[in-house]
Amino acid sequence: MSCEAEKTDPLLLGGVALESRLFIGTGKYGADSLIPSVAEASGAQVITVAMRRVEKGQQGITAHIPKTMRLLPNTSGARTAGEAVRLARLARAAGCGDWIKIEVIADSRYLLPDGYQTAKAVEMLVREGFTALPYINPDLYVARDCEQAGAAAIMPLGAPIGTNRGLRTREMIAILIEETDLPIVVDAGIGRPSQACEAMEMGAAACLVNTAIASADDPVRMAAAFGRAVQAGRNAWLAGAGAVKASGDGAEASSPLTGFLR
Amino acid sequence: METFQDFLQKWPFERREKGLADAASESIARALAGENLQPKDFLALLSPAALPHLEDMARRARDLTLRYFGRAVQLFTPLYLSDVCTNRCRYCGFNAGNKRKRRHLTVEDAFAEAEAIAGMGLQHIILLTGDARKLSSPEYIASAARRIKPLFASIGIEVYSLTEKEYALMTGSGVDCMTMFQETYTPELYLSLHPAGPKRDYAFRLAAPERAARTGIRALGVGALLGLERFEMDAFATGLHAWWLQRRFPGVDISVSVPRIRPHEGDFETPQEVDDRRFVQYITALRCFLPRVGITCSTRENAFMRDHIVPLGVTRISAGVSTAVGGRASAGSADGQFEIADHRSVREVTADMAKIGYQVVIKDWEDPAETAAC
Amino acid sequence: MNVTINGKTEALPENANLAAILTMYDCQPKTVVMEHNGNIVPMEAFAKTVLCDGDHIEMVHFVGGG
């Protein structure tokens with residue numbers, strides 16, 4: 001499935017070389033027991049989890065996650081930078097590494113992340129040695145604040161979380177890709193493999209997909225589709241797409257703009 | 001923190017040569033169709049292989065310029081404070097080795113010259129001096145800036161490299177724009193062209209824009225003197241410098257100046273003459289690579305050339321120029337730094353720009369603190 | 001004695017420790033992080049951490065999320 005060229009293109013994140021550029025989530029599955037097959041079919045090496053209070057008789061998700069995968073806990077539930085820091089510390093105490101997806105949301109209607117609180121949380125957590133991956137609205141200033149604070153990657157949303165609406169923020173994500181030196185991991189909103197592919201063709205470093213896989217009729221097959229789409233988009237980006245020619249372009253005898261150069 | 005010098009070292013000649021050699025019609029077409037060009041695309045546009053596509057480049061450059069700047073071109077003029085110089089730049093009329101009568105304006109002389117310029121209706125001015133730290137000290141330049149500040153909306157400096165503290169003195173004295181000509185970005189060639197004087201320090205000069213940016217200056221300009229080094233090499237390094245500065249200091253306005261060597265006093269043979277086609281290639285490639293940077297063209301170019309390259313990407317031109325010290329306020333002044341090729345007055349430039357459908361902009365910006373104080 | 005576990009008051013025998021709570025909740029120690037009065041307690045110290053009346057315990061674990 002993967003050719004030689006692909007093996008020489010790892011994504012370096014927090015000192016780790018990842019071969020797969022698809023990150024998957026663990027939320028919203030009809031049965032958590034599907035997760036191992038989904039993970040395998042997707043080829044993903046990074047998987048997100050959330051942290052919640054234990055309820056009596058309820059088991060966590062850890063048992064369903066393949067041991068070889070790198071856990072990316074999120075701080076969902078945090079409404080302020082301080083709460084995100086607390087959740088991050090708890091997650092690290094679980095002994096699964098120091099990666100943290102920083103998610104600070106104080107808007108329950110659209111679930112849009114709070115850029116100011118998120119950047120503050122990055123600053124605090126990087127100081128504590130975390131590998132911080134902030135989830136943000138694709139705003140250049142917030143991205144720069146996070147970059148300056150020492151984030152390892154930027155995770156802009158493609159559309160409001162859980163909507164499967166695709167790359168609605170395409171133009172803004174393109175600006176982040178162009179203007180920041182950090183890997184851009186498109187997170188939230190990607191509903192179809194073609195949209196993940198498009199994000200990768202634009203130069204995104206990776207995509208995080210949860211709802212689109214979990215809510216498919218056949219999550220395992222959809223996971224495989226996303227894995228290939230992300231790979232295809234990455235290859236297209238590396239290959240350098242040919243120029244799009246407008247139908248009117250063609251031979252033109254005169255040179256109205258440079259004719260003065262005799 | 002990575003400096004531009006660090007970054008430039010990632011582009012040694014061999015890597016540039018390879019990029020130039022690899023450029024083919026397909027990569028050039030791709031560069032012309034894309035939105036966010038990368039350094040390798042810029043290199044392709046500067047290659048000899050791009051020359052047959054010059055009209056396509058011009059079309060793209062014109063469209064981008066219209067999109068980001070409209071049909072407007074900003075006017076400025078230089079004010080030479082002093083031609084006393086301790087450097088021996090082999091290509092320059094102010095070279096300390098040239099026997100000539102030197103002149104150094106007092107702050108009041110400078111004010112008289114500035115009044116003559118303001119009388120022509122100009123609002124953007126650039127102060128220039130030779131490199132003579134004792135005579136034309138940073139404090140002197142700052143005093144001149146403060147003295148003439150009430151007459152202008154914007155004051156730029158094009159002077160020898162200063163320390164960060166000295167740049168802070170400049171910005172604190174009303175200077176909002178700094179231009180630094182690296183002349184050539186090739187260190188060995190740079191040393192041979194600057195055999196003596198403080199300017200010999202390549203690295204100190206190269207990092208000058210970074211030092212100025214850290215003092216909160218509003219605008220920065222960079223440029224190589226075309227004709228010293230092989231065209232592609234310095235053209236590429238200049239664009240790369242502007243690109244890097246734009247990324248490193250997103251709050252600062254970046255512009256590129258595109259001077260070609262002109263005849264001057266002394267007997268310097270231009271080693272790498274840049275012909276008109278390559279010159280236009282440079283301007284259009286810069287515009288495609290850096291859609292939002294200002295491109296400045298001085299009176300080193302003649303009226304015919306300037307009227308044709310404004311639509312292709314040039315956004316700032318000089319007018320009513322004298323490259324001699326005190327050349328406007330006093331009659332019978334000395335020779336200039338170089339022979340100017342466009343002698344048009346402000347009024348003539350304005351009229352000629354109108355003929356090609358462009359409006360001149362006299363005042364593009366003014367320090368809001370100053371405005372509020374009025 | 002009464003302690004607050006995840007916001008709910010629970011009656012526990014005197015000298016109960018954190019490990020006892022895990023048993024009560026039917027949880028594997030490896031999958032749970034515990035906070036005792038606001039301080040994270042390392043897994044090895046669960047059995048050694050004896051509780052007092054009025055203590056606050058937070059017990060969290062990983063669940064599904066994106």
Side-chain angles (χ1 to χ4, degrees), chain A residues 23-32 34-35 38 47-65 71-77 86-96 101 103 111 135 155 157 161-162 187-190 208-215, chain C:
Chain A
F23 299 1
I24 58 172
T26 53
K28 303 184 186 171
Y29 280 93
D32 289 345
L34 277 170
I35 290 172
V38 163
I47 191 162
T48 61
V49 291
M51 180 144 261
R52 290 287 181 276
R53 281 172 164 175
V54 176
E55 301 291 335
K56 256 183 205 155
Q58 212 182 60
Q59 294 304 317
I61 198 100
T62 321
H64 299 292
I65 296 174
L71 231 49
L72 176 57
N74 66 33
T75 64
S76 69
R86 175 167 175 252
L87 281 165
R89 288 175 184 155
L90 285 168
R92 180 155 68 179
C96 300
K101 172 180 157 184
E103 193 176 328
L111 301 175
Y135 167 63
M155 305 182 76
L157 57 88
I161 198 163
D187 182 0
I190 293 178
L208 195 162
V209 181
N210 185 3
T211 308
I213 295 175
S215 63
Chain C
M1 66 172 177
N2 287 329
V3 298
T4 309
I5 303 174
N6 285 351
K8 284 182 211 126
T9 308
E10 302 263 6
L12 293 182
E14 292 299 317
N15 297 324
N17 61 30
L18 286 180
I21 296 180
L22 282 180
T23 319
M24 195 173 111
Y25 272 72
D26 193 19
C27 279
Q28 300 294 317
K30 270 190 182 169
T31 62
V32 175
V33 179
M34 300 192 92
E35 236 182 30
H36 179 218
N37 294 330
N39 300 313
I40 294 171
V41 182
M43 199 193 308
E44 312 82 67
F46 285 175
K48 286 184 280 184
T49 308
V50 179
L51 304 176
C52 300
D53 189 52
D55 277 359
H56 282 262
I57 307 299
E58 282 289 327
M59 253 173 94
V60 297
H61 63 170
F62 288 137
V63 299

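Naming: A, B, ... by sequence-line order, numbering from 1 per chain. These figures come from a predicted structure and were not determined experimentally.
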Could you tell me whether the side chain of [X] and the main chain of [Y] form a donor-acceptor pair under 3.5 Å?
X     : Y     : result
C:N6  : A:E55 : no
A:D32 : C:G64 : no
A:Q59 : C:D26 : yes

[X] versus chain C, heavy atoms under 4.5 Å apart: side chain, backbone, both or neither?
X     : value
A:I24 : neither
A:K28 : neither
A:R86 : side chain
A:Q58 : both
A:A91 : both

Checklist entry - Is it the case that more than 12 heavy atoms not belonging to C:Q28 sit under 6.0 Å from its CD atom? => result no

Next on the checklist: side chain to side chain contact (heavy atoms under 4.5 Å, CB included), that's the test. Do C:E58 and A:L90 meet it? Break it down for me.
Outcome noted: CA-CA 10 Å; C:E58 282 289 327; A:L90 285 168; over 6 Å; no

Item to check | C:V60 versus chain A, the contacting section by heavy-atom distance below 4.5 Å | outcome: both

Next on the checklist: Tell me which of these, A:V49, A:N210, A:I161, has more heavy-atom pairs under 4.5 Å with chain C than the rest.
Outcome noted: A:V49

Next on the checklist: I need the minimum non-hydrogen distance between A:T48 and C:G65, along with the two atoms involved.
Outcome noted: OG1-O, 2.9 Å

Item to check | NZ-OH distance between A:K56 and C:Y25, expressed to the nearest 0.5 angstrom | outcome: 5.0 Å

Checklist entry - Between NZ of C:K8 and CZ of A:R53, what distance do you get to the nearest 0.5 Å? => result 8.0 Å

Checklist entry - Checking side chain to side chain contact (heavy atoms under 4.5 Å, CB included) for the pair C:H61/A:T62: CA distance, chi angles, key distance, verdict? => result CA-CA 9 Å; C:H61 63 170; A:T62 321; over 6 Å; no

